[in-house]
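A quick write-up on the structure given underneath.
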Amino acid sequence: TRNEALSKEIHTQEKNASHISSWTIFRLLHYPIIYFICRPLYGIKIGKILLWIAGKIKLLVPYVTKEERNGKCHHIFINYQMHAQHLHIYN
């Protein structure tokens, strides 16, 4: 950005960013694949069972966490750069 104040703020947030685990990145990337497989089978209950199993073995990342359900909202900036480099999508 050309706005220096905004640029400094973004750089500060990047320096203070927490790192997300490789397991979470794996789950996020496989989320569409799991739903692609389960959605056509949902009407005959097989998809529902597969989604339930995937949720129980923590393959699905929850939309709303337990903390968010209890009213706590975390405003964090996550550093995806390290993981993106492994995927060869970040320069």
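All values reported here derive from a predicted model rather than from experimental measurement. Quick note: residue numbers are just sequence positions, from 1.
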**Prompt:** Would a hydrophobic clustering, with Ile, Leu, Val, Met, Phe, Trp and Tyr connected at side-chain separations under 4.5 Å, put Ile57 with Ile34?
**Reply:**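 Yes, same cluster.
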**Asked** Is any side-chain heavy atom of Leu59 less than 4.5 Å from a side-chain heavy atom of Tyr31?
**Response**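 Answer no - side chains too far apart.
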**Request:** Could you list the residues that satisfy side-chain contact (heavy atoms from CB on, under 4.5 Å) with Arg27, not counting sequence neighbours?
**Result:** Trp23, Thr24, Lys58, Val61
**Message:** Let me confirm one number: the CD1-OH distance from Ile37 to Tyr35, rounded to the nearest 0.5 Å.
**Reply:** 12.5 Å
**Complete:** Rounded to the nearest 0.5 angstrom, the NE2-CD1 distance for His30 and Ile25 is 12.0 Å
Let me have the donor-acceptor pairs involving side chains of residues 40-56, under 3.5 Å, with sequence neighbours excluded, atom names and distances please.
none

**Prompt:** With sequence neighbours left out, what residues match Thr12 under side chain to side chain donor-acceptor pair (under 3.5 Å)?
**Reply:**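 Expected list: none.
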